[in-house]
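Worksheet: one structure, shown below.
Values in this document were obtained by computation on a predicted structure and should not be read as measured data. Below, all heavy atoms of this structure are taken into account, side chains as well, without hydrogens, waters or symmetry copies.
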Amino acid sequence: MAETYITSKQLIETLQISSEKLLEIQSFFDSIPDDEWELSAGKDYRVVNGNGLREYTQSGAYTIARYLEANQSLSFFEKLKDWFTGYRKKIRQSFVRKKITDNCSSLVKRRDQLWISRADTVAIFGTRSDYLSKMAEHTQKTENPLIKGQDYDEFVPGEGIYYSLTGIFKLSQSFSERLTRKNRKEECKDVGHVMNSQVEDIVKQILDRQRKMTRALKQAKSRDGCKCVVTGKKPNSVEPFNLVAHHLYSKSEYPHITDCLDNLITISEEVHKQFHEHYMGGNHKPCRLDDFIKFMQQYYPDNYRVVNWLEGQKCKLGDQREIKTKPHVLYLPANRVS
(Lines give C-alpha, C1' and ligand atoms only; values in the text may rest on other atoms or scores of the structure.)
Protein backbone atom coordinates (compact mmCIF):
# COMPACT_ATOMS: atom_id res chain seq x y z
CA MET A 1 0.00 0.00 0.00
CA ALA A 2 1.21 3.53 -0.75
CA GLU A 3 2.60 5.71 2.03
CA THR A 4 -0.10 7.20 4.26
CA TYR A 5 0.19 10.92 5.02
CA ILE A 6 -1.50 12.90 7.77
CA THR A 7 -2.11 16.58 7.02
CA SER A 8 -1.03 19.31 9.42
CA LYS A 9 -4.69 20.00 10.19
CA GLN A 10 -5.41 16.32 10.93
CA LEU A 11 -2.28 16.10 13.07
CA ILE A 12 -3.37 19.14 15.12
CA GLU A 13 -6.85 17.66 15.62
CA THR A 14 -5.53 14.19 16.50
CA LEU A 15 -2.91 15.39 18.99
CA GLN A 16 -5.23 18.13 20.27
CA ILE A 17 -2.60 20.84 20.03
CA SER A 18 -2.71 24.32 18.50
CA SER A 19 -1.43 25.23 15.05
CA GLU A 20 1.04 27.56 16.78
CA LYS A 21 2.41 24.63 18.79
CA LEU A 22 2.96 22.55 15.64
CA LEU A 23 4.75 25.44 13.92
CA GLU A 24 6.90 25.89 17.03
CA ILE A 25 7.89 22.19 16.95
CA GLN A 26 8.66 22.33 13.23
CA SER A 27 10.89 25.39 13.74
CA PHE A 28 12.69 23.70 16.63
CA PHE A 29 13.34 20.55 14.61
CA ASP A 30 14.54 22.53 11.59
CA SER A 31 16.82 24.84 13.57
CA ILE A 32 19.25 22.23 14.91
CA PRO A 33 20.32 19.66 12.30
CA ASP A 34 21.48 16.16 13.21
CA ASP A 35 20.23 16.23 16.80
CA GLU A 36 17.90 13.75 18.53
CA TRP A 37 14.84 15.52 17.17
CA GLU A 38 15.04 15.58 13.41
CA LEU A 39 12.54 15.50 10.55
CA SER A 40 13.77 14.66 7.06
CA ALA A 41 11.99 15.98 3.97
CA GLY A 42 10.89 13.07 1.77
CA LYS A 43 11.17 10.54 4.60
CA ASP A 44 9.16 12.14 7.41
CA TYR A 45 7.15 14.77 5.56
CA ARG A 46 6.43 16.39 2.23
CA VAL A 47 5.64 20.00 1.38
CA VAL A 48 2.35 20.27 -0.49
CA ASN A 49 2.23 23.90 -1.59
CA GLY A 50 4.28 27.07 -1.93
CA ASN A 51 3.35 28.19 1.59
CA GLY A 52 5.38 25.39 3.12
CA LEU A 53 2.38 23.43 4.40
CA ARG A 54 3.43 19.92 5.39
CA GLU A 55 1.92 16.46 5.35
CA TYR A 56 3.58 13.90 7.60
CA THR A 57 4.34 10.23 7.15
CA GLN A 58 3.80 7.87 10.06
CA SER A 59 7.49 8.16 11.08
CA GLY A 60 7.35 11.97 11.01
CA ALA A 61 4.11 12.15 12.97
CA TYR A 62 5.42 9.67 15.55
CA THR A 63 8.58 11.77 15.99
CA ILE A 64 6.44 14.80 16.83
CA ALA A 65 4.33 12.69 19.22
CA ARG A 66 7.47 11.40 21.00
CA TYR A 67 8.74 14.96 21.36
CA LEU A 68 5.45 16.07 22.90
CA GLU A 69 5.39 13.11 25.29
CA ALA A 70 8.99 13.79 26.36
CA ASN A 71 8.18 17.43 27.08
CA GLN A 72 4.61 17.25 28.38
CA SER A 73 4.31 13.76 29.87
CA LEU A 74 1.07 13.05 28.02
CA SER A 75 0.15 10.09 25.80
CA PHE A 76 0.24 11.41 22.23
CA PHE A 77 1.67 8.27 20.65
CA GLU A 78 -1.47 6.15 21.10
CA LYS A 79 -3.63 8.87 19.57
CA LEU A 80 -1.50 8.83 16.44
CA LYS A 81 -1.37 5.06 16.31
CA ASP A 82 -5.17 4.95 16.41
CA TRP A 83 -5.38 7.61 13.67
CA PHE A 84 -3.08 5.78 11.24
CA THR A 85 -4.77 2.45 11.94
CA GLY A 86 -8.21 3.95 11.37
CA TYR A 87 -7.17 5.89 8.27
CA ARG A 88 -5.58 2.84 6.65
CA LYS A 89 -8.78 0.93 7.36
CA LYS A 90 -10.79 3.64 5.57
CA ILE A 91 -8.46 3.44 2.55
CA ARG A 92 -8.68 -0.37 2.50
CA GLN A 93 -12.48 -0.27 2.73
CA SER A 94 -12.58 2.29 -0.09
CA PHE A 95 -10.81 -0.23 -2.37
CA VAL A 96 -13.18 -2.99 -1.20
CA ARG A 97 -16.19 -0.80 -2.01
CA LYS A 98 -14.87 -0.22 -5.53
CA LYS A 99 -14.32 -3.96 -5.99
CA ILE A 100 -17.94 -4.57 -4.98
CA THR A 101 -19.21 -1.93 -7.43
CA ASP A 102 -17.09 -3.33 -10.27
CA ASN A 103 -18.16 -6.93 -9.66
CA CYS A 104 -21.88 -7.10 -8.93
CA SER A 105 -23.58 -6.71 -12.30
CA SER A 106 -25.59 -9.83 -11.37
CA LEU A 107 -27.34 -7.88 -8.58
CA VAL A 108 -31.03 -8.77 -8.46
CA LYS A 109 -33.87 -8.48 -5.96
CA ARG A 110 -35.92 -11.58 -5.19
CA ARG A 111 -38.12 -12.38 -2.21
CA ASP A 112 -37.44 -8.89 -0.82
CA GLN A 113 -33.71 -9.61 -0.68
CA LEU A 114 -30.80 -8.56 -2.87
CA TRP A 115 -28.70 -11.38 -4.34
CA ILE A 116 -25.36 -11.64 -6.16
CA SER A 117 -24.17 -14.52 -8.33
CA ARG A 118 -21.49 -16.95 -7.19
CA ALA A 119 -19.14 -15.72 -9.95
CA ASP A 120 -19.42 -12.13 -8.75
CA THR A 121 -18.99 -13.26 -5.14
CA VAL A 122 -15.74 -15.00 -6.10
CA ALA A 123 -14.52 -11.78 -7.76
CA ILE A 124 -15.48 -9.59 -4.81
CA PHE A 125 -13.53 -11.76 -2.36
CA GLY A 126 -10.66 -12.01 -4.83
CA THR A 127 -10.52 -15.78 -4.47
CA ARG A 128 -11.04 -18.99 -6.47
CA SER A 129 -14.28 -20.86 -6.92
CA ASP A 130 -12.97 -23.96 -5.14
CA TYR A 131 -11.75 -21.89 -2.19
CA LEU A 132 -15.13 -20.18 -1.89
CA SER A 133 -16.63 -23.68 -1.64
CA LYS A 134 -14.24 -24.46 1.20
CA MET A 135 -15.29 -21.28 3.01
CA ALA A 136 -18.94 -22.20 2.51
CA GLU A 137 -18.24 -25.64 4.01
CA HIS A 138 -16.44 -24.03 6.96
CA THR A 139 -19.40 -21.69 7.53
CA GLN A 140 -21.65 -24.72 8.00
CA LYS A 141 -19.54 -25.74 11.01
CA THR A 142 -19.99 -22.41 12.78
CA GLU A 143 -22.78 -20.97 14.92
CA ASN A 144 -24.08 -19.06 11.87
CA PRO A 145 -24.32 -21.58 9.01
CA LEU A 146 -25.56 -20.65 5.55
CA ILE A 147 -29.31 -21.24 5.25
CA LYS A 148 -30.74 -22.23 1.87
CA GLY A 149 -33.41 -19.79 0.73
CA GLN A 150 -32.14 -17.13 3.08
CA ASP A 151 -28.36 -16.92 2.51
CA TYR A 152 -28.01 -18.78 -0.77
CA ASP A 153 -30.25 -20.25 -3.45
CA GLU A 154 -30.43 -21.35 -7.07
CA PHE A 155 -33.36 -19.56 -8.64
CA VAL A 156 -33.11 -20.93 -12.17
CA PRO A 157 -31.61 -24.36 -12.90
CA GLY A 158 -28.29 -23.94 -14.68
CA GLU A 159 -27.72 -20.34 -13.58
CA GLY A 160 -25.79 -21.38 -10.49
CA ILE A 161 -25.94 -20.29 -6.87
CA TYR A 162 -26.73 -16.75 -5.78
CA TYR A 163 -25.76 -15.38 -2.36
CA SER A 164 -27.78 -12.84 -0.41
CA LEU A 165 -26.07 -10.02 1.48
CA THR A 166 -26.45 -11.98 4.74
CA GLY A 167 -24.85 -14.98 3.06
CA ILE A 168 -21.90 -12.88 1.89
CA PHE A 169 -21.48 -11.53 5.43
CA LYS A 170 -21.30 -15.08 6.79
CA LEU A 171 -18.75 -16.02 4.13
CA SER A 172 -16.65 -12.98 5.02
CA GLN A 173 -16.52 -14.19 8.62
CA SER A 174 -15.24 -17.57 7.47
CA PHE A 175 -12.59 -15.96 5.27
CA SER A 176 -11.38 -13.79 8.15
CA GLU A 177 -11.17 -16.86 10.42
CA ARG A 178 -9.44 -19.20 8.00
CA LEU A 179 -7.04 -16.99 6.04
CA THR A 180 -3.51 -16.58 7.41
CA ARG A 181 -2.26 -13.43 5.64
CA LYS A 182 -3.25 -10.41 7.70
CA ASN A 183 -4.02 -8.12 4.76
CA ARG A 184 -6.28 -10.76 3.13
CA LYS A 185 -8.05 -11.47 6.44
CA GLU A 186 -8.79 -7.77 6.86
CA GLU A 187 -9.87 -7.29 3.24
CA CYS A 188 -12.33 -10.20 3.31
CA LYS A 189 -13.67 -9.14 6.70
CA ASP A 190 -14.23 -5.65 5.29
CA VAL A 191 -16.37 -7.14 2.50
CA GLY A 192 -18.88 -8.20 5.12
CA HIS A 193 -18.74 -4.87 6.93
CA VAL A 194 -19.28 -2.60 3.91
CA MET A 195 -21.41 -4.84 1.67
CA ASN A 196 -24.81 -3.67 2.91
CA SER A 197 -24.10 0.06 2.79
CA GLN A 198 -22.35 -0.18 -0.58
CA VAL A 199 -25.18 -2.14 -2.23
CA GLU A 200 -27.75 0.20 -0.68
CA ASP A 201 -25.96 3.15 -2.29
CA ILE A 202 -25.75 1.31 -5.64
CA VAL A 203 -29.49 0.62 -5.58
CA LYS A 204 -30.18 4.26 -4.71
CA GLN A 205 -28.13 5.40 -7.72
CA ILE A 206 -29.97 2.99 -10.03
CA LEU A 207 -33.38 4.21 -8.83
CA ASP A 208 -32.24 7.86 -9.01
CA ARG A 209 -31.14 7.31 -12.62
CA GLN A 210 -34.55 5.83 -13.44
CA ARG A 211 -36.27 8.87 -11.91
CA LYS A 212 -33.96 11.19 -13.84
CA MET A 213 -34.74 9.36 -17.07
CA THR A 214 -38.50 9.64 -16.47
CA ARG A 215 -38.05 13.36 -15.78
CA ALA A 216 -35.88 13.77 -18.90
CA LEU A 217 -38.58 12.15 -21.07
CA LYS A 218 -41.11 14.74 -19.90
CA GLN A 219 -38.61 17.58 -20.31
CA ALA A 220 -37.86 16.50 -23.89
CA LYS A 221 -41.55 16.69 -24.85
CA SER A 222 -41.85 20.10 -23.21
CA ARG A 223 -38.68 21.36 -24.91
CA ASP A 224 -39.97 20.16 -28.29
CA GLY A 225 -43.34 21.88 -27.86
CA CYS A 226 -45.25 18.62 -27.38
CA LYS A 227 -45.10 17.91 -31.10
CA CYS A 228 -43.36 15.50 -33.43
CA VAL A 229 -40.10 17.23 -34.33
CA VAL A 230 -39.79 15.20 -37.54
CA THR A 231 -43.21 15.93 -39.04
CA GLY A 232 -43.97 19.15 -37.15
CA LYS A 233 -47.42 17.82 -36.25
CA LYS A 234 -49.05 18.20 -32.85
CA PRO A 235 -51.72 15.74 -31.70
CA ASN A 236 -55.25 17.13 -31.41
CA SER A 237 -58.85 15.92 -31.21
CA VAL A 238 -59.13 15.65 -34.99
CA GLU A 239 -55.79 13.88 -35.51
CA PRO A 240 -54.81 12.21 -32.24
CA PHE A 241 -51.58 10.25 -31.94
CA ASN A 242 -49.07 9.38 -29.26
CA LEU A 243 -45.75 11.12 -28.79
CA VAL A 244 -42.64 9.29 -27.61
CA ALA A 245 -39.22 10.52 -26.53
CA HIS A 246 -36.76 8.60 -28.68
CA HIS A 247 -33.22 7.85 -27.45
CA LEU A 248 -30.80 8.90 -30.19
CA TYR A 249 -28.25 6.54 -28.65
CA SER A 250 -30.20 3.42 -27.67
CA LYS A 251 -30.80 2.54 -24.02
CA SER A 252 -29.47 -0.99 -24.34
CA GLU A 253 -26.02 -0.08 -25.70
CA TYR A 254 -25.56 3.37 -24.16
CA PRO A 255 -27.17 3.12 -20.70
CA HIS A 256 -24.86 5.80 -19.27
CA ILE A 257 -26.73 8.56 -21.16
CA THR A 258 -30.30 7.25 -20.93
CA ASP A 259 -31.20 10.07 -18.52
CA CYS A 260 -29.52 12.78 -20.63
CA LEU A 261 -31.94 15.31 -22.13
CA ASP A 262 -29.61 15.95 -25.10
CA ASN A 263 -29.97 12.27 -26.05
CA LEU A 264 -33.74 12.58 -26.56
CA ILE A 265 -35.96 13.77 -29.41
CA THR A 266 -39.76 13.88 -29.44
CA ILE A 267 -41.42 12.03 -32.33
CA SER A 268 -44.74 10.37 -33.07
CA GLU A 269 -45.22 6.65 -32.50
CA GLU A 270 -45.60 6.26 -36.26
CA VAL A 271 -42.20 7.85 -36.97
CA HIS A 272 -40.68 5.86 -34.13
CA LYS A 273 -41.96 2.63 -35.65
CA GLN A 274 -40.81 3.73 -39.11
CA PHE A 275 -37.28 4.34 -37.83
CA HIS A 276 -36.87 1.16 -35.78
CA GLU A 277 -38.81 -1.39 -37.85
CA HIS A 278 -38.40 -0.12 -41.41
CA TYR A 279 -35.06 1.65 -41.34
CA MET A 280 -33.11 -0.17 -38.58
CA GLY A 281 -34.68 -3.57 -39.25
CA GLY A 282 -36.21 -4.24 -35.84
CA ASN A 283 -36.64 -2.85 -32.33
CA HIS A 284 -33.85 -5.12 -31.08
CA LYS A 285 -31.23 -3.36 -33.20
CA PRO A 286 -29.12 -0.82 -31.27
CA CYS A 287 -29.02 2.64 -32.79
CA ARG A 288 -26.75 5.68 -32.81
CA LEU A 289 -27.41 9.34 -33.45
CA ASP A 290 -25.85 9.00 -36.90
CA ASP A 291 -28.49 6.41 -37.76
CA PHE A 292 -31.25 8.93 -37.09
CA ILE A 293 -29.49 11.55 -39.21
CA LYS A 294 -29.32 9.12 -42.14
CA PHE A 295 -32.95 8.17 -41.54
CA MET A 296 -33.95 11.84 -41.76
CA GLN A 297 -31.95 12.34 -44.94
CA GLN A 298 -33.60 9.34 -46.59
CA TYR A 299 -37.23 9.70 -45.43
CA TYR A 300 -37.52 13.42 -44.59
CA PRO A 301 -34.94 15.20 -46.79
CA ASP A 302 -36.80 18.53 -46.66
CA ASN A 303 -36.46 18.79 -42.89
CA TYR A 304 -32.85 20.00 -42.90
CA ARG A 305 -33.38 22.00 -39.69
CA VAL A 306 -33.77 18.78 -37.69
CA VAL A 307 -30.62 17.37 -39.28
CA ASN A 308 -28.74 20.54 -38.29
CA TRP A 309 -30.12 20.23 -34.75
CA LEU A 310 -29.05 16.59 -34.60
CA GLU A 311 -25.52 17.55 -35.65
CA GLY A 312 -25.51 20.00 -32.75
CA GLN A 313 -26.65 17.29 -30.32
CA LYS A 314 -23.86 15.07 -31.62
CA CYS A 315 -21.32 17.74 -30.68
CA LYS A 316 -22.85 18.08 -27.21
CA LEU A 317 -22.92 14.34 -26.51
CA GLY A 318 -19.41 13.74 -27.84
CA ASP A 319 -17.93 10.48 -29.07
CA GLN A 320 -20.09 7.76 -27.53
CA ARG A 321 -18.87 4.20 -27.27
CA GLU A 322 -20.95 1.09 -26.77
CA ILE A 323 -20.58 -0.77 -23.48
CA LYS A 324 -19.56 -4.09 -24.97
CA THR A 325 -18.66 -5.93 -21.75
CA LYS A 326 -21.23 -7.15 -19.23
CA PRO A 327 -23.45 -4.27 -18.09
CA HIS A 328 -22.12 -2.26 -15.16
CA VAL A 329 -24.27 -2.58 -12.06
CA LEU A 330 -25.07 1.16 -12.04
CA TYR A 331 -26.75 0.78 -15.45
CA LEU A 332 -29.02 -2.12 -14.56
CA PRO A 333 -32.74 -1.49 -15.14
CA ALA A 334 -34.55 -0.29 -12.02
CA ASN A 335 -36.94 -3.27 -12.01
CA ARG A 336 -33.97 -5.56 -11.30
CA VAL A 337 -33.43 -4.09 -7.85
CA SER A 338 -36.84 -2.76 -6.82
Side-chain angles (χ1 to χ4, degrees), residues 1-15 42-46 48 54-65 76-107 114-136 138-139 142 144 146 151 163-205 328-330:
M1 184 181 290
E3 183 71 74
T4 302
Y5 287 88
I6 182 171
T7 66
S8 294
K9 183 179 179 182
Q10 290 169 328
L11 187 60
I12 288 166
E13 292 173 351
T14 303
L15 297 178
K43 174 178 175 291
D44 298 313
Y45 69 90
R46 65 183 178 188
V48 293
R54 296 180 179 183
E55 291 183 348
Y56 289 91
T57 62
Q58 187 166 332
S59 65
Y62 280 4
T63 300
I64 292 174
F76 294 96
F77 187 83
E78 286 302 319
K79 291 178 181 178
L80 271 182
K81 186 178 178 182
D82 291 343
W83 186 91
F84 276 100
T85 300
Y87 198 72
R88 287 200 182 101
K89 182 178 180 180
K90 288 179 182 179
I91 292 173
R92 188 179 65 242
Q93 289 187 348
S94 176
F95 280 98
V96 170
R97 287 180 183 278
K98 186 175 188 313
K99 186 184 282 189
I100 291 170
T101 301
D102 290 343
N103 294 284
C104 64
S105 61
S106 60
L107 185 66
L114 290 162
W115 303 77
I116 294 173
S117 71
R118 178 184 174 84
D120 278 345
T121 303
V122 167
I124 288 169
F125 280 112
T127 188
R128 302 190 313 265
S129 181
D130 61 328
Y131 203 80
L132 182 69
S133 296
K134 288 182 180 179
M135 293 302 101
H138 172 75
T139 307
T142 67
N144 295 302
L146 294 167
D151 300 316
Y163 291 99
S164 68
L165 302 191
T166 59
I168 290 173
F169 178 80
K170 290 179 180 180
L171 287 169
S172 77
Q173 296 297 104
S174 290
F175 273 106
S176 64
E177 290 171 10
R178 300 290 293 175
L179 291 172
T180 55
R181 285 169 50 197
K182 184 181 178 182
N183 65 324
R184 284 288 293 139
K185 286 170 69 76
E186 291 174 340
E187 180 185 350
C188 290
K189 192 172 184 178
D190 284 339
V191 170
H193 287 160
V194 306
M195 193 76 192
N196 272 24
S197 60
Q198 186 66 6
V199 170
E200 283 175 7
D201 192 67
I202 287 169
V203 170
K204 181 179 181 300
Q205 288 195 56
H328 193 280
V329 64
L330 293 178

Item to complete: Determine the minimum heavy-atom distance between Ile100 and Gln198, stating which atoms define it.
Response: CG2-CG, 3.9 Å
Item to complete: List the atom of Leu11, the atom of Ala61, and the distance in Å for their closest heavy-atom pair.
Response: CD1-CB, 4.1 Å
Discussion item. If you count heavy atoms of other groups shown closer than 6.0 angstrom to NZ of Lys99, is the number above 12?
Written reply: yes
Worksheet item: If you take all heavy atoms of Ile124 and Cys104, which pair is closest and at what distance?
Response: CD1-CB, 4.5 Å
Item to complete: Return the minimal non-hydrogen interatomic distance between Ser105 and Asp120, and the atom names on each side.
Response: N-OD2, 3.3 Å
Discussion item. For Thr7, give me all partners under side-chain contact (heavy atoms from CB on, under 4.5 Å), at least two apart in sequence or on another chain.
Written reply: Lys9, Gln10, Glu55
Item to complete: Walk me through it: do Ser106 and Arg118 pass the test side chain to side chain donor-acceptor pair (under 3.5 Å)?
Response: CA-CA 9 Å; Ser106 60; Arg118 178 184 174 84; over 6 Å; no
Worksheet item: Who are the side-chain contact (heavy atoms from CB on, under 4.5 Å) partners of Gln58, not counting sequence neighbours?
Response: Tyr62, Phe84, Arg88
Practice prompt. Take Arg181 and Leu179, measure what side chain to side chain contact (heavy atoms under 4.5 Å, CB included) needs, and give me the verdict at the end.
Written response: CA-CA 6 Å; Arg181 285 169 50 197; Leu179 291 172; 6.0 Å; no
Discussion item. Could you work out, with side-chain contact (heavy atoms from CB on, under 4.5 Å) as the rule, every residue matching Lys98, not counting sequence neighbours?
Written reply: Asp102
Worksheet item: Is any side-chain heavy atom of Asp82 closer than 4.5 Å to a side-chain heavy atom of Thr14?
Response: no
Worksheet entry | Heavy-atom neighbours of Tyr87 OH exceed 12 at 6.0 Å | no
Worksheet item: Mind checking whether Tyr163 and Asp151 have side chains closer than 4.5 Å, heavy atoms only?
Response: no
Item to complete: Taking side-chain contact (heavy atoms from CB on, under 4.5 Å) as the test, write out the residues that go with Lys43, two or more places apart.
Response: Ser40, Ser59
Item to complete: Sort and list the pairs that fulfil ring pair (Phe, Tyr, Trp, His ring centres under 6.0 Å) and have at least one residue in residues 165-200, not counting sequence neighbours.
Response: Phe125-Phe175
Fill in: Residues in salt bridge (Lys or Arg N to Asp or Glu O under 4.0 Å) contact with Arg184, at least two apart in sequence or another chain
Glu187
Practice prompt. Mind listing the closest non-hydrogen atom pair of Asn144 and Thr139 along with its distance?
Written response: O-CG2, 3.4 Å
